[in-house]
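Throughout, protein chains are lettered first and strands after them, A, B, ... in sequence-line order, and every chain is numbered starting at 1.
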Amino acid sequence: MIRCKSYELGALVEKVLREGEEDTRQMLTPDAIRKSYASSASLKQSIMLCMRDADQTMRIVLELNALPLALQISQIVGTVMSRTLRGGRAERIEYLLLHAFTNQGYVVPDKQYGKKKIDHSEDQDDDQQVSSKRKKAAYAGGLVLDPKKGFYDTFILLLDFNSLYPSIIQEYNICFTTVNRKFKKDGEGDLILPDLPESTTLPGILPTQIKKLVDSRRSVKDLLKKDSMSEAQRQQLNIRQLALKLTANSMYGCLGFSFSRFYAKHLAAMVTSKGREILLQTRDLIQKMNLDVIYGDTDSVMVNTNSHDFEEVYRLGREIKQTVNKMYKLLELDIDGVFRYMLLLKKKKYAAVTLEKDKEGNMIQKTELKGLDIVRRDWSNFSADAGKAIIDIIMTDKSEDLRLSQIQEHLEGLRVALLDGKIALKELAITKSLTKDPSDYPDKKALPHVQVALRLNSSGGKKIKAGDTVAYVICDDGSGLAPTQRAYHVDEVKESSTLKVDTQYYLAQQLHPVVSRLCDPIDGMDSARIAACLGLDPSQYKSRAPVEDQGDAEARDEDRFLACSPLNLQCSCGDPVVLDSAFKGSGKEIGPALLVCPRPKSCGGYPLGGNGKGRIMNQITKQLREFIKKYYAGWLVCEDPGCTGRTRQLPLQFQRAFPVCPTCKKAIMYSEYSDSQLYTQIQFVLHLVDIRKAQMKLGQDELTYVRNKMSACHNSSTAYDELKELVEHRFSRSNGYATVSLDRIFQGLYSAGAL
DNA sequence: ATGATAGGGCTCGATA
DNA sequence: TATCGAGCCCTAT
């Protein structure tokens, strides 16, 4: 119901009831209770504390409206309130579906009790890993577009789909009753999704239930718009509308939940796959309007409008909205906001200043922070506040120089404050939660929060367990150990006279990385300069992290791919096509190779023409498999060109890490088709189909011709994107396998003395 | 016990 | 000594 740094009662009281306790909350520890029996005064004190806790607990529950919400949810899904409060979300959806299916006369799946692993022979799940590590994802989820990183001071438009996943389930009628449950894997073990139901199929149970929830919510919201209502009624309805939304939104998650009674991986995978498709399609549509999509995550896109006119930006937004929404019956893209400034750092990491008009027409600015270190509780408040201040300096129209000097000044100020001991201990605390009981961690030594928890459990009265949070400070304890070995609980530091805050750590490990990530796109504020402001040795930070220098990578492509094989494809007329570059033709005739007829005398078609997408995908898949197969055939050839030695049997004689040729018995042998050859080959194929990347190397005129060709061919950019996705997917696999190359095996055997 | 996956960033130890 | 993967935590959607 709420998000907190810590869920101890004291923290909740502060956060929910807003009753500050000047951070000296008296705690009722087991130890204290025992001792308090010594006198009536202290016993009374314990009783008062106990009553205080009970009272606060109840007031928090009241303040959060937890009970009315649980009541509404129970009514909606048809279960009892005690279960709603106690059980998880999966159980609520389970009851909703049980009611829906039995009403229609269906037989529902049996409930599985106990944790006994049921035999999944017919369910094609991979083995549920017993090991403690986090489960690997069972199917692909939402798509995150590559961000165009940087600082933007032009208006950015944020659009997103209203409750995407529930809408997809309705739009495509995805249900247990409408989609074939049998699904296969291809040769590589990837899921092949079953087909979508025909458009004539009657709506299934799942879409119908979601529609009911969405419709009820709409009518509740309509009711809320009317004025004739008491505050109490209004609140009641608001809670009901929230419960309806929560229920609709959690249906997708329960489809993918492996212990759910209604587990349906194929449906969950289908929903996310449609989601990815929709996001790509939306991006393409907007790009075709000649607009710049700078980022997008799962159900949203951000567009750089290059404008400073609020009304114009909204007009543009409505235009985009209209264009996109034409594509769907139900799905709805909406304007979610306008950014005045934006600092886009990474996927899921950005800061923005939003611009909004209030009822009186005044512009209101708000800062929004997503994913940055600043919003995470595993960074100290000290670094978070520093980061916030830096963002406030960056996100303005100040001149570059002013920005730089203000940042510098601020950092120097922080450094002085820290060294002078002006920063409160609380500000330096790093908070982490325990996912296991502290003693259950395999390598406790490496994890500071675990060490602190263990020490407190063994000495102090506390019993820290799984789910609890630990706040610690890195101290200088004179031990000279690694910083992770010098973590102490805030209370330990307070009581000790020898423990001192490790200011170097806070400068170098807490301030520097946070600030330098934020300043990355700002010219003139590099890592070394920030280090200098903080009094650290700038030379340590000189070399910036290997920046992906696109220019360089592109320039090398040509030579790199010299030895690669082209792809053999078929045109829509059936003629063979040799694909060896991303574009065909020159000047006015230039176009994406798959959109141009290869023959001097045009056959009138082109490779991706007609239903070419499927054919091309198959052909590419087939050839990629050939390359991979060639690699795994594992032929060894003799290094000496004069010798005919060629074998698949690993010779037993070695010279250093290489086998000696059994034919000439002199030269060594190497792989006929090495892992790096395979790697380059697949990169080449990727290069052929990654039309967006290829376009970046074109001149302005050529780019225009290519763009025209693409928009003339229906759906061609989507087709290209799918091809790219296909190859990338294959790429990541073969790359993973190739990690264990034959050469490495030789070397391993050799160094183990086996040869 | 029991909503999902995607992604960044830190630490440590194994490996080249 | 640099690089990579595993484990951990927390966040975005």
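- In terms of phosphate contacts, A:K436 brings no side-chain nitrogen or oxygen within less than 4.0 Å of OP1 or OP2 of C:dG7.
- Side-chain N/O atoms of A:K346 include one lying less than 4.0 angstrom from OP1 or OP2 on B:dG9.
- Remark: B:dA4 base-pairs with C:dT13. Criterion, Watson-Crick or G-U wobble with two distances under 3.5 Å.
- The number of heavy-atom neighbours closer than 6.0 Å to NZ of A:K211, taken from other residues, nucleotides and ligands shown, is 12 or below.
- Of the charged side-chain nitrogens involved, none lies within less than 4.0 Å of a carboxylate oxygen, so that A:D520 and A:K149 do not count as a salt-bridged pair.
- C:dC10 atom C1' lies 14 Å from atom CG of A:L434, rounded to whole Å.
- Residue A:Y95 places its OH atom among 12 or fewer non-hydrogen atoms of other residues, nucleotides or ligands, all under 6.0 Å distant.
- Counting only distance, with no hydrogens or angles, the side chain of A:Y165 and the backbone of A:G275 share no donor-acceptor pair below 3.5 Å.
- A sub-4.0 Å separation between OP1 or OP2 of C:dC9 and a side-chain N or O of A:K432 is absent.
- If you measure from atom NZ of A:K274 to atom P of C:dT13, you get 24 Å, rounded to the nearest angstrom.
- Between A:F257 atom CZ and B:dT2 atom P there is a gap of 8 Å when expressed in whole angstrom units.
- Checked against B:dC10, B:dG8, B:dG3, the side chain of A:R89 finds its nearest nucleotide in B:dG3.
- Within 4.0 Å of A:G253, counting heavy atoms only, lies at least one base atom of the nucleic acid.
- For A:A138, the side-chain atoms get nearest to B:dT5 when compared with the rest of C:dC10, C:dA12, B:dT5.
- Comparing B:dC12, C:dA12, C:dC8 by their nearest atom to the side chain of A:A482 picks out B:dC12.
- Among the nucleotides C:dC8, B:dG7, B:dA4, the one closest to the side chain of A:Y252 is B:dA4.
- Between the NZ atom of A:K136 and the P atom of B:dA6 there is a distance of 12 Å, given to the nearest Å.
- Taking 4.0 angstrom as the limit, A:R376 places none of its side-chain polar atoms (N or O) nearer than this to OP1 or OP2 of B:dG8.
- Between C:dC10 and A:S433, a contact under 4.0 Å exists linking OP1 or OP2 to a side-chain N or O.
- Atoms NE2 and CD1, on A:H99 and A:I205 in that order, are 13.5 Å from each other to the nearest 0.5 Å.
- Within the nucleic acid shown, A:S250 has no heavy atom closer than 4.0 Å to any nucleic acid atom.
- Between A:R517 and B:dC10, a side-chain N or O to OP1/OP2 separation shorter than 4.0 Å is present.
- Here A:R377 reaches the OP1 or OP2 of C:dC10: one of its side-chain N or O atoms lies under 4.0 Å away.
- Taking CD1 from A:I374 and CD1 from A:I391, the interatomic distance works out to 3.5 Å, rounded to the nearest 0.5 Å.
- A close approach under 4.0 Å does occur between a side-chain nitrogen or oxygen of A:Y350 and OP1 or OP2 of C:dT13.
- Among the protein residues, A:R3 comes within range of the sugar-phosphate backbone only, with heavy atoms under 4.0 Å from sugar or phosphate atoms but none that close to a base.
- You'll find that the side chain of A:Q485 is closest to B:dC12, out of B:dA4, C:dC9, B:dC12.
- Between A:Y7 atom OH and C:dC10 atom P the separation is 10 Å, expressed in whole Å.
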Apply salt bridge (Lys or Arg N to Asp or Glu O under 4.0 Å) to A:K274 and A:E171, showing your working. CA-CA 10 Å; A:K274 273 290 162 202; A:E171 176 102 18; over 6 Å; no

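- Following rounding to the nearest Å, A:L344 (CG) and B:dG8 (C1') show an atom-to-atom distance of 14 Å.
- Dashed line: the shortest gap from a side-chain N or O of A:Y441 to OP1 or OP2 of C:dC9 is under 4.0 Å.
- When distances run from any side-chain atom of A:D373 to the nucleotides B:dG9, B:dT2, C:dC10, the shortest one goes to B:dG9.
- The shortest distance between the side-chain N/O atoms of A:T435 and the OP1/OP2 oxygens of C:dC9 is below 4.0 Å.
- Set against C:dC8, B:dT5, C:dT13, the side chain of A:K370 has C:dT13 as its closest nucleotide.
- Using atom C1' as the reference point in both B:dG3 and C:dT13, the two lie 14 Å apart (nearest Å).
- Nearer the 5' end of DNA chain B, as judged by each residue's closest nucleotide, is the contact made by A:C254, out of A:V144 and A:C254.
- A:A90 comes within contact range of the sugar-phosphate backbone alone, with a heavy-atom separation under 4.0 Å but no base atom that close.
- Look at CZ on A:R486: it is 12 Å from P on B:dT11, rounded to the nearest Å.
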Side chain to side chain contact (heavy atoms under 4.5 Å, CB included) between A:K432 and A:L447, worked out: CA-CA 10 Å; A:K432 272 196 184 145; A:L447 303 166; over 6 Å; no

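- Here the P atom of nucleotide B:dG3 and the CG atom of A:L96 are 15 Å apart, to the nearest Å.
- Of the candidates B:dG3, C:dC8, B:dA6, B:dA6 carries the atom nearest the A:A137 side chain, counting heavy atoms from C-beta on.
- If you check C:dC9, C:dT13, B:dA4 against the side chain of A:T298, the one that comes closest is C:dT13.
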